[in-house]
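Everything below concerns the one structure shown next.
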Amino acid sequence: QVQLVESGGGLVQAGGSLRLSCAASGRTTSRNAMAWFRQAPGKERDFVAAIRWVGGYTYYADSVKGRFTISRDNVKNTLYLPMKSLKPEETAGYYCAAAPEWVMSTSTTAYEYWGQGTQVTVSS
């Protein structure tokens with residue numbers, strides 16, 4: 001089992017920055033891949049970014065490239081997502097996810113474990 005707890009969300013003005021964190025615990029072999037997704041009210045949960053825990057390979061949704069950076073701290077077992085130049089349309093719940101296998105997938109079905117989410121609200 002893997003437990004994921006997100007933090008760092010909040011209210012920010014358009015153009016501002018936030019850094020999300022996801023504290024992971026449980027079996028390390030069950031979280032070879034970790035990712036961030038987001039879900040706005042009434043919409044599907046969308047892929048944001050993913051990282052391979054060993055090696056640090058990353059990939060991003062086109063909409064966040066150059067503005068968001070996914071990273072992890074192996075000692076603290078924490079996943080991060082610093083976000084800059086935020087836009088009002090990026091208001092959503094942001095969710096941390098983990099998968100035992102590394103797959104380059106943007107689908108929610110590729111991830112087995114999920115956190116409860118942290119709300120990000122970007123005002124215009």
Side-chain angles (χ1 to χ4, degrees):
Q1 289 292 332
V2 174
Q3 293 78 43
L4 305 171
V5 180
E6 302 95 334
S7 61
L11 174 64
V12 64
Q13 289 187 331
S17 301
L18 281 174
R19 188 180 79 157
L20 305 184
S21 300
C22 172
S25 59
R27 297 179 60 181
T28 57
T29 54
S30 295
R31 42 185 172 91
N32 287 312
M34 294 195 71
W36 289 98
F37 285 76
R38 62 188 178 190
Q39 186 169 21
K43 296 188 176 181
E44 294 185 350
R45 190 167 293 188
D46 292 331
F47 172 80
V48 175
I51 188 167
R52 185 172 187 172
W53 198 263
V54 177
Y57 180 82
T58 61
Y59 67 101
Y60 298 88
D62 288 342
S63 60
V64 307
K65 284 181 181 177
R67 298 186 299 119
F68 293 13
T69 305
I70 190 170
S71 66
R72 83 276 187 255
D73 185 318
N74 288 335
V75 175
K76 295 182 178 179
N77 286 316
T78 301
L79 182 72
Y80 298 103
L81 188 70
M83 307 181 293
K84 62 181 182 180
S85 303
L86 284 161
K87 306 172 184 179
E89 56 266 35
E90 295 181 309
T91 293
Y94 282 69
Y95 297 86
C96 175
E101 300 293 333
W102 169 249
V103 291
M104 288 188 65
S105 174
T106 61
S107 172
T108 56
T109 60
Y111 294 88
E112 185 171 345
Y113 303 100
W114 293 86
Q116 293 300 306
T118 185
Q119 179 66 31
V120 172
T121 302
V122 185
S123 63
S124 57

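All values derive from a computational prediction rather than experimental measurement.
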Show me, pair by pair, the donor-acceptor contacts under 3.5 angstrom made by side chains of residues 10-24, not counting sequence neighbours?
none

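- Remark: of the listed residues Y59, W36, Y111, Y59 is the sole one forming a ring pair (Phe, Tyr, Trp, His ring centres under 6.0 Å) with F47.
- The side-chain hydrogen bond (donor to acceptor under 3.5 Å, both in side chains) test applied to E89 returns no partner, not counting sequence neighbours.
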When the side chains of residues 71-85 are checked against the rest of the protein, which donor-acceptor pairs come out under 3.5 Å, sequence neighbours left out?
residue	atom	partner	partner atom	Å
R72	NE	W53	O	2.8
R72	NH2	W53	O	2.9
D73	OD1	V75	N	2.9
D73	OD1	K76	N	2.9
N74	OD1	W53	NE1	3.0
N77	OD1	R31	NH2	3.4
T78	OG1	K76	O	2.9

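- Between A110 and V103 the shortest heavy-atom distance is CB-CG2, 3.9 Å.
- Residue D46 holds its CG atom at 11.0 Å from CD of E90, rounded to the nearest 0.5 Å.
- Residue T69 holds its OG1 atom at 10.5 Å from CZ of R67, rounded to the nearest 0.5 Å.
- With hydrogens and angles left out, the side-chain atoms of S107 and T109 include a donor and acceptor closer than 3.5 Å.
- Rounding to the nearest 0.5 angstrom, the gap separating the CD1 atom in I70 from the CZ atom in R52 is 14.0 Å.
- Judged by distance alone, with hydrogens and angles left aside, the side-chain atoms of T91 form a donor-acceptor pair with the main-chain N or O of V122 at under 3.5 Å.
- Side-chain heavy atoms closer than 4.5 Å link hydrophobic residues (I, L, V, M, F, W, Y) into clusters, and following such links, even through other members, never connects V64 to F37.
- The backbone N or O of Q116 lies less than 3.5 Å from a partner atom in the side chain of E6, making a donor-acceptor pair.
- For the pair Q39 and Y95, the minimum side-chain heavy-atom distance is below 4.5 Å.
- At least one side-chain heavy atom of W114 sits less than 4.5 Å from a side-chain heavy atom of T108.
- Interatomic distance, CD of Q1 versus CZ of R27, reported as 9.0 Å (0.5 Å rounding).
- Scanning both residues, C96 and M34, for their nearest heavy atoms gives SG-CE, 3.6 Å.
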